[in-house]
Amino acid sequence: MSEFRIHHDVNELLSLLRVHGGEGAEVYIDLLQKNRTPYVTTSVSAHSAKVKIAEFSRTPEDFLKKYDELKSKNTRHLDSLVYLLSKLTEDKETLQYLQQNAKERAELTANVAAGGSTNFSIPSSTSKISLQELEELRKQLGTVTANSSAQQPLELTRKMLRDKQNKKNSGQPVPVLPSWVYERPALIGDFLIGTALSTDVTVPIGTLPLASQESMIVEDLLYVLIGVDGRYITAQPLVGRQNRTFLVDPNLDLSIKELVTRILPVAASYSAVTRFVEEKSSFEYGQVNHALAAAMRTLIKEYMILITQLEHLQRQGLLSLQKLWFYIQPTMRTLEILSSLATSVDKGECMGGSTLSLLHDKTFNYTGDNQAQELCLYLTKAACVPYFEILEKWIYRGIINDPYSEFMVEEHELQKEKIQEDYNDKYWDQRYTVVQQQIPSFLQKMADKILSTGKYLNVVRECGRDVTCPVAKEVIYTLKERAYVEQIEKAYNYASKVLLDFLMEEKELVAHLSRSIKHYFLMDQGDFFVHFMDLTEEELKKPVDDIITTRLEALLELALRMSTANTDPFKDDLKIDLMPHDLITQLLRVLAIETKQEKAIIGADPTELTLSGLEAFSFDYIVKWPLSLIINRKALTRYQMLFRHMFYCKHVERQLCNVWISNKTAKQFSLHSAKWFAGAFTLRQRMLNFVQNIQYYMMFEVMEPTWHILEKNLKLASNIDDVLSHHTSFLDNCLKDCMLTNPELLKIFSKLMSVCVMFTNCMQVCTLSPFYHASCSVPFPLPHPMAVAAALPHWPLPSSSVVPESPRSYQEQKSPTLWTLHMGMLLM
């Protein structure tokens, strides 16, 4: 169980129990993660746990009855739940809390119901009904309901299954048997209620001698054993899912009647198996049930051969009731097991993998009874054939051919092209998913590998390459799980190697990451960015709406050709992207995905300040299938955030360097004049050191070591999931260490960058001022702060900043450095 599943289950449990406040869900989640184990330890003590709960319960009979009912339906994790409940019976504190919680919830529900209900009065009845009449009425209603709607639920079930399967397989509708198959009950092979063997007058059996009674009953039994009513033994109508019962002539001799009652369970079992075979042979119940029904039909044919041989003996006068009982006993056990399996599958409404789980569990439960285990093993092998055919196509070719939705892997209609468009696209995780109910219990441990094996091969197939697994062998069910487990592991290893080699060698994944992604998004190519920023400096100062994208694309192409990036074979995949929002807004939008704040942030009005090209600029990268599985939109968005963060730092550094160059002219001034600029020069140098150290930290202390770890992990990766995990971990670590996962920290950093940009603009204004070239004996007047702020399109001023309206207080200062420092303090 994943961490996210544990988190979800804990929160849901706390919500159901209405637990608020306290230590919160995190404490329980950490406790569960520390104490969880991959091994199941509850199956051993399930029996003792059941006994303990029965002793603790006020109604042990009802509990045991419900447990047997759920067990017959092959309910998953039943023993684990019983074990947990038995542990709760020992914890008095938890029991007391649950009782109190249940009482409070019941009172709350009652209050809500009382408040929202409408008052009405029930008219008093003058006549009363007795308990006996009430019981008779119940029986009559039950009989009428059973008789009138006996066939309706089967028709509704078939229709529901057919609609569900047609919805999933719109291109391949499920075939339908003709209606006359269901309208002719004589074709079923089961008893026809309300008909007799013949219209001849039946001689009262009580008037016949004992030998004649035995002869007549043997003949009747041979008919009843093949689903036909006899003269003196008739089948009763079915009530619900109960076993078939029979009515024997009460005038029959007691000694014969006793022997007859021992033989009749065979007929009841035959009736149950015949109904199951006919019902599950419909297309809607899936291929696994078809195979199981066909295997049972084979055994029924052998049973019919036995009845035919007994009939031959009866016609020769060689079959007595005792001989019939002797010959039928070996078959009785077989039909009893078949009937039990049919009833369990019917009650549990099992299909596909759930049917195989039930058969597998039954096979193991019969350990010690060789005959019963061999029979169940035969049925399980037969039922596994169609399921294993689907499994072989999946793990050997990456194809799912599952028209009846029986396989453990389910395919969803998702487009792989959206990986490059949608940040939250989950193609790799949701194109193929595991259906827990359809996982056979003997393949539970291998479910993840089975899913991954087919996914890997499917990716290679969608690239137009033919996949032929060299280790492909027929998968056959056996009690020794290691046999087919080894086959699945071999197929998994082959699929992992094929896809990994395909991405690494043919599609050059590492080259794309190291030559293009790292060079451009992580600013690893120094000379390229010098050329690019020199060429686009004037263009990026414009508002984003005034920038011509094609001009930027042409300048990018020129910078690529003029630098060492010209040797990059993937340079044509690099594109320009002007984002509609700044970096902080982008970070907030990403953090709000799949949260309650997502709609509010996405639907918020854009900022009134127009973005400049520098704020909106970013690179984009064209990635083709199947590399888009690794370098998807989510990964590219994270690369873009890192790039925008570092690109703006590089811009601030260039601005400070330009100020340093322009300030070289201060050398020609006299010592008395130059001292006014000493403070500004010191502040400029500190800002430059700060920005350069930040860049050094991000590039050489965060990204480079993390990148080396990524390269090392990619060399050791054995499958594509490992590659995805390592790549995601690399990006997460870079974002975290570069202060891009904390919006508050990023806002503080952006304010510092704003102070630096304001300082550079102020110094440039001062440099261009005519007072700069004067003797500086009299302090020059400073420009109004709002005028300076208006000249700063590179980063919007925070809304919390307060700028004085009057410049008088600043004009009183003797140095522009003090004014700049004061502006910085206001921004902070």
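Positions are given from 1, in the same order as the sequence printed here.
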Between [X] and [Y] (side chain of the first, backbone of the second, donor and acceptor by atom type, cut-off under 3.5 Å), is there such a pair?
| X | Y | value |
| --- | --- | --- |
| Ser725 | Asp721 | no |
| Glu392 | Val475 | yes |
| Thr760 | Val757 | yes |

For this session: Give a yes or no on whether the ring-centroid distance for His519 and Phe532 is below 6.0 angstrom.
Result: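 Centroid distance His519-Phe532: not below 6.0 Å, so no.
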For this session: Give a yes or no on whether the ring-centroid distance for Phe528 and Tyr520 is below 6.0 angstrom.
Result: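 Ring centres of Tyr520 and Phe528 closer than 6.0 Å.
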Less than 4.0 angstrom from a charged side-chain N to a carboxylate O is my criterion; do [X] and [Y] meet it?
| X | Y | answer |
| --- | --- | --- |
| Glu462 | Arg431 | yes |
| Glu557 | Arg561 | yes |
| Asp620 | Arg644 | no |

Using a 6.0 Å cut-off, check whether atom [atom1] of [X] has over 12 heavy atoms from anything other than its own residue.
| X | atom1 | result |
| --- | --- | --- |
| Asp577 | CG | yes |
| Arg654 | CZ | yes |
| Lys393 | NZ | no |
| Leu716 | CG | yes |
| Lys575 | NZ | yes |

Are [X] and [Y] side-chain neighbours, meaning at least one heavy-atom pair lies under 4.5 Å?
| X | Y | answer |
| --- | --- | --- |
| Leu724 | Leu629 | no |
| Phe521 | Tyr621 | yes |
| Cys463 | Pro626 | yes |
| Lys751 | Val755 | no |

For this session: Taking atom types as modelled, find out whether Gln487 and Tyr396 have a side-chain donor-acceptor pair closer than 3.5 angstrom.
Result: yes
